[in-house]
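Taking it in order: structure first as structure tokens, then the write-up.
Labels below follow one simple rule: chain letters A, B, ... track the order of the sequence lines, proteins then strands, and each chain is numbered from 1. Remember, it's a predicted structure, so these values are computed and weren't measured experimentally.
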Amino acid sequence: MADISLTFPDGASRSYPAGITPAEVAADISKSLAKKAISATVDGQHFDLQWPIGHNADIALNTMADDAPALELIRHDLAHVMARAVQELWPDVKVTIGPVISNGWYYDFDRAEPFTPEDLGAIEKKMREIINLRDPVRTEVWERDRAIAHYRAADEPYKVELIEGIPGDQPLRMYWHGHWQDLCRGPHLQTTGQLPADAFKLMSVAGAYWRGDSNRAMLQRIYGVGFRNRDDLKAHLTMLEEAAKRDHRRLGREMDLFHMQEEAPGQVFWHPNGWKIYTTLQDYMRRQQQQGGYVEVNTPQVVDRKLWEASGHWEKYQDNMFIVEVDEEHAREKAINALKPMNCPCHVQIFNQGLKSYRELPLRMAEFGSCNRYEPSGALHGIMRVRGFTQDDAHIFCTEDQIESETKKFIDFLAAIYADLGFPEFKVKFSDRPKTRAGADDVWDKAESALMQATEAAGYDFTLNPGEGAFYGPKLEFVLTDAIGRDWQCGTLQVDFVLPERLDATYIGSDGAKHRPVMLHRAVLGSFERFIGILIEEHAGRLPFWLAPRQVVVASIVSEADEYVTEVVAALQKAGVRAEADLRNEKINYKVREHSLGKVPVILAIGAREVGERTVSVRRLGDTRTDSAGFDEIVAQLAAEAAPPDLR
RNA sequence: GCCGCACUAGCUCAGCUGGUAGAGCAUCGCAUUCGUAAUGCGGAGGUCAGGGGUUCGAAUCCCUUGUGCGGCACCA
């Protein structure tokens with residue numbers, strides 16, 4: 001066989017017979033490397049030690065010291081070991097797929113009985129036993145027919161279906177972890193003995209549809225996390241505990257911001273503290289919109305189905321709308337209405353009043369639109385995913401030529417607001433045409449290219465989300481991440497050539513003829529509910545001073561200070577600071593603890609000394625030090641801090 | 001919506017295999033005037049999510065409805 005040349009990371013090259021495996025290369029270099037190696041990187045591809053190398057290539061041998069390959073292999077092999085453990089414990093369980101995900105892996109099984117928490121413990125135990133067997137990992141390439149026949153004989157229908165879905169010319173790779181066999185593209189470790197038996201944990205079991213299709217079988221998915229060593233695992237589990245403390249549902253209760261109850265599932269009862277955040281944010285957004293050239297409107301909640309039929313929403317989203325039927329006792333004819341699930345059709349109605357000139361475009365029409373959607377019960381999540389919410393919604397009516405400049409303008413607008421609100425980083429996703437959609441393909445071509453060009457012109461990278469666009473047009477999504485790493489879409493920008501057509505929106509062009517405007521649907525926060533949920537989690541409840549619902553508590557140390565405390569509170573309130581007095585007959589320790597737990601950013605403690613000096617003792621949240629400040633000084637300072645970022 | 005799990009005082013939670021409900025914190029009362037993360041004592045507070053069943057007897061077992069939680073699917 002011809003020789004090939006392999007180039008190592010240090011630049012050195014060696015000649016080997018073609019078809020040599022990385023394992024053999026490692027053995028050629030040293031015995032210890034042969035033992036320590038876990039995989040190779042060949043021309044940038046993660047490569048199994050057993051795979052033959054057929055041509056000249058760059059090669060690096062990986063060990064457990066190499067982060068990315070090590071973690072990928074640990075998690076991938078653990079997925080296989082878990083599936084083997086499950087089938088050893090319950091031989092009738094059918095296996096499906098088990099990919100690596102962030103921090104771990106999952107594997108989907110078909111089993112009649114549900115897996116219990118006790119089962120997870122038994123599986124973990126069996127996994128450790130398997131790891132301790134130090135079984136070799138072996139791989140072979142199989143012919144397709146042989147693989148199908150094998151899985152038919154083994155009564156593994158999901159594997160048969162997987163293979164049938166793989167293009168015929170693609171080789172099928174089998175892996176054995178000891179006696180246990182799985183179809184897998186690899187790569188894998190040399191032996192299960194290379195797995196850390198004390199650095200993984202099975203986390204949960206959950207339902208998951210086969211191939212993500214809600215019409216198909218519901219499988220049982222077991223999630224696991226795996227790391228290189230026990231300390232990393234412990235650090236991960238600690239991080240999860242810390243993240244749970246930031247959960248907006250928990251902080252919402254602890255800070256007395258809002259509650260929800262079963263008589264109104266998916267809808268928020270805002271308490272005074274939470275509503276203060278909401279209105280402060282809304283006031284800020286209203287000022288931003290005025291600066292950004294928007295006009296603000298307000299439209300009806302209960303709207304006849306005829307409008308939703310005209311817009312096309314009735315056909316597609318009827319099941320997700322709150323239907324309001326007017327009783328025949330109240331009306332001559334029974335009318336079917338829906339609570340508005342979005343604002344766009346109503347905004348077009350405003351646009352359609354009177355003739356619009358091209359001189360009025362772009363017309364940016366904003367509404368803090370209160371919407372209701374009957375979201376599936378399983379989708380509800382705290383105040384992040386609700387059935388009643390308010391969007392910072394706007395529709396920009398413009399010409400095709402204005403799409404690019406309006407898009408760029410909007411992205412800049414959004415980025416500045418996110419920065420003000422403490423989110424300098426966000427993800428951008430571009431979603432193109434979905435399978436079911438309105439409008440002709442050439443219109444979609446136009447919309448997609450206009451939006452993409454504008455995004456690039458604005459200087460933002462985006463990831464493509466194929467087929468995820470709205471039914472009327474492509475969209476950009478601006479995504480923020482919550483405390484436990486879940487992504488939430490907040491801002492959006494959607495190009496729409498369809499709705500103006502359906503609702504017959506027109507303007508008079510410079511040529512004196514009627515033309516269709518384009519609509520850009522856009523939101524920055526998305527919904528106030530979701531955005532506030534993310535704000536709470538991002539700051540772990542310790543909101544920036546200007547957004548904090550309770551900014552200052554002035555606490556007396558002795559009752560002789562009460563009068564002066566009241567005077568300080570009044571002065572702060574007059575200066576626009578949300579201040580309150582705590583005159584209760586309690587120790588200062590007690591008050592400091594309580595208000596600290598309540599995430600009040602500033603506590604001013606006042607005892608006999610402060611009364612005498614007309615000063616205050618200042619304690620900032622998260623800081624155990626205290627400072628002394630004069631009366632006028634602290635009022636001026638806190639008033640300045642209380643100003644929203646756009647008014648500083 | 002689907003799969004699984006859960007629901008006990010305002011909150012966090014205990015209550016073994018069925019024998020008739022408990023703690024801490026919060027609340028209320030009394031005492032305490034205290035220097036930066038819990039002052040002491042006392043009182044009150046629950047149709048054990050709702051409904052149905054099994055049983056001499058159900059917080060506990062079964063069915064059902066609701067809501068929540070973790071995923072999946074969905075997200076105009």
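Looking at A:Thr299 and A:Gln349, their side chains never bring a donor and an acceptor atom within 3.5 Å of each other.
The residue A:Gly212 sits close only to the backbone: its heavy atoms come under 4.0 Å of sugar-phosphate atoms, none of a base. Using a 4.0 Å heavy-atom cutoff across all strands shown, A:Glu610 reaches at least one base atom of the nucleic acid. A:Ala608 comes within contact range of at least one nucleobase, with a heavy-atom separation under 4.0 Å. A:Asp213 comes within 4.0 angstrom of no nucleic acid atom, judged by non-hydrogen atoms across all strands. Counting non-hydrogen atoms under 4.0 angstrom, A:Phe115 reaches nothing in the nucleic acid. Using a 4.0 Å heavy-atom criterion, one finds that A:Lys475 contacts the sugar-phosphate atoms exclusively. Among the heavy atoms of the strands lying under 4.0 Å from A:Ala470 are primed sugar atoms or P, OP1, OP2 only; no base atom is included. At a threshold of 4.0 angstrom between heavy atoms, the contacts of A:Tyr223 are confined to the sugar-phosphate backbone, with no base atom among them. Within the nucleic acid shown, A:Ile603 has no heavy atom closer than 4.0 Å to any nucleic acid atom. Contacts of A:Ala208 with the nucleic acid, taken as non-hydrogen atoms under 4.0 Å apart, involve only primed sugar atoms and P, OP1 or OP2. Looking at heavy-atom distances under 4.0 Å, A:Gly382 makes contact with sugar-phosphate atoms alone, never a base. At a threshold of 4.0 angstrom between heavy atoms, the contacts of A:Glu586 include nucleobase atoms, whether or not backbone atoms are also involved.
Residues A:His521 and A:Tyr472 place their aromatic rings such that the two centres sit under 6.0 Å apart.
A 4.5 Å side-chain heavy-atom check between A:Arg75 and A:Phe200 finds every atom pair outside the cut-off. Taking 4.5 Å as the limit, some side-chain heavy atom of A:Arg364 sits within range of a side-chain heavy atom of A:Glu406. Between A:Phe322 and A:Val302, every side-chain heavy-atom pair lies at or beyond the 4.5 Å cut-off.
For the pair A:Ser617 and B:U36, the criterion of a side-chain N or O lying under 4.0 Å from OP1 or OP2 is not met. Proximity of A:Asn589 to the phosphate of B:U36: no side-chain N or O atom is located under 4.0 Å from OP1 or OP2. Contact annotation: A:Tyr590 side-chain N/O to B:G40 OP1/OP2 distance is not under 4.0 Å. Considering only side-chain N and O atoms, A:His381 lies under 4.0 angstrom from the phosphate OP1 or OP2 of B:G70. OP1 or OP2 of B:C69 lies within a sub-4.0 Å distance of a side-chain N or O belonging to A:Arg249. Proximity of A:Arg385 to the phosphate of B:A73: no side-chain N or O atom is located under 4.0 Å from OP1 or OP2.
Applying the 5.5 angstrom centroid cut-off and the 30 degree plane-angle cut-off, the aromatic ring of A:Tyr317 is stacked upon the base of B:A76.
B:G46: no Watson-Crick or G-U partner with both key distances under 3.5 Å is found in any strand. The nucleotide B:C41 finds its pairing partner in B:G29, both defining distances of the Watson-Crick or G-U wobble pair being shorter than 3.5 Å. Of the nucleotides present, none pairs with B:G35 by Watson-Crick or G-U wobble criteria with both distances under 3.5 Å. Of the nucleotides present, none pairs with B:A59 by Watson-Crick or G-U wobble criteria with both distances under 3.5 Å. Using N1 to N3 plus N6-O4 or O6-N4 for Watson-Crick, or N1-O2 and O6-N3 for G-U wobble, each under 3.5 Å, B:C11 pairs with B:G24. Under the Watson-Crick and G-U wobble criteria, each requiring two contacts below 3.5 Å, nucleotide B:G1 is paired to B:C72. Nucleotide B:U67 forms a Watson-Crick or G-U wobble pair with B:A6, both donor-acceptor distances falling under 3.5 Å.
Comparing the C1' positions of B:G18 and B:A23 gives an interatomic distance of 23 Å, to the nearest angstrom. Spacing of P atoms, B:G4 relative to B:G15, comes out at 25 Å, to the nearest Å. Taking atom P in both B:A6 and B:C62, the straight-line distance is 10 Å, to the nearest Å. Rounded to a whole angstrom, the distance from the P atom of B:A9 to that of B:U65 is 24 Å. Between B:U60 and B:C74, the distance separating the two C1' atoms is 37 Å to the nearest Å. Rounded to whole Å, the separation between the P atoms of B:G42 and B:C56 comes to 44 Å. Comparing the P positions of B:U47 and B:A21 gives a spacing of 13 Å, expressed to the nearest Å. Atom name C1', nucleotides B:C61 and B:G68: the rounded distance is 23 Å, in whole Å.
Screening A:Arg249, A:Arg250, A:Lys245 for a side chain to side chain donor-acceptor pair (under 3.5 Å) with A:Asp247, the sole residue that qualifies is A:Arg249.
Between A:Phe115 and A:Trp90, the ring-plane angle classifies as perpendicular under the 30° and 60° cut-offs. Ring geometry, A:Phe426 versus A:Tyr418: the interplanar angle exceeds 60°, so the pair is classed perpendicular (tilted spans 30 to 60°).
Positionally, the nearest nucleotide of RNA chain B for A:Arg253 lies more toward the 5' end than for the other of A:Pro341 and A:Arg253. Two residues, A:Tyr374 and A:Arg609, neighbour RNA chain B, and the one matched to the more 5' nucleotide by heavy-atom proximity is A:Tyr374.
Taking only side-chain atoms of A:Arg530, from C-beta outward, the nucleotide of B:C75, B:U36, B:A76 with the closest atom is B:C75. Of all nucleotides listed (B:A38, B:U39, B:A73), B:A38 comes nearest to the side chain of A:Arg593. Among the nucleotides B:A37, B:U67, B:U36, the one closest to any side-chain atom of A:Thr626 is B:U36. For A:Ile588, whose side chain is taken as the heavy atoms from C-beta onward, the closest listed nucleotide among B:G35, B:A76, B:A37 is B:G35. Distances from the side chain of A:Ser377 to the nucleotides B:A37, B:G1, B:A73 place B:G1 closest. Residue A:Ala206 places its side chain closer to B:G70 than to any other of B:C34, B:A73, B:G70.
Here the P atom of nucleotide B:C75 and the CG atom of A:Asn372 are 19 Å apart, to the nearest Å. A:Lys340 places its NZ atom 14 Å from the C1' atom of B:A76, with the value rounded to the nearest Å. Atom-to-atom, CD of A:Glu477 to C1' of B:C74 comes out at 13 Å; the value is rounded to the nearest Å. At whole-Å resolution of the value, CG in A:Asp247 and P in B:C69 are 9 Å apart. Rounded to whole Å, atom P of B:A76 lies 14 Å from atom CG of A:Leu493. Atom-to-atom, OH of A:Tyr209 to P of B:G4 comes out at 11 Å; the value is rounded to the nearest Å. With rounding to whole Å, A:Glu262 atom CD is found 15 Å from B:U65 atom P. Straight-line distance from the CZ atom of A:Arg584 to the P atom of B:U33: 18 Å, rounded to whole Å.
Side-chain atoms of A:Ser559 come within donor-acceptor range of the base of B:U33, with a qualifying N/O pair under 3.5 Å. A:Arg619 contributes a side-chain N or O that forms a donor-acceptor pair with the base of B:A37 under 3.5 Å.
Between A:Asp213 and A:Arg211, no side-chain nitrogen of the basic residue sits less than 4.0 Å from a carboxylate oxygen of the acidic one, so the salt-bridge criterion is not met.
Minimum heavy-atom separation, A:Leu638 to A:Phe545: O-CE2, 3.7 Å.
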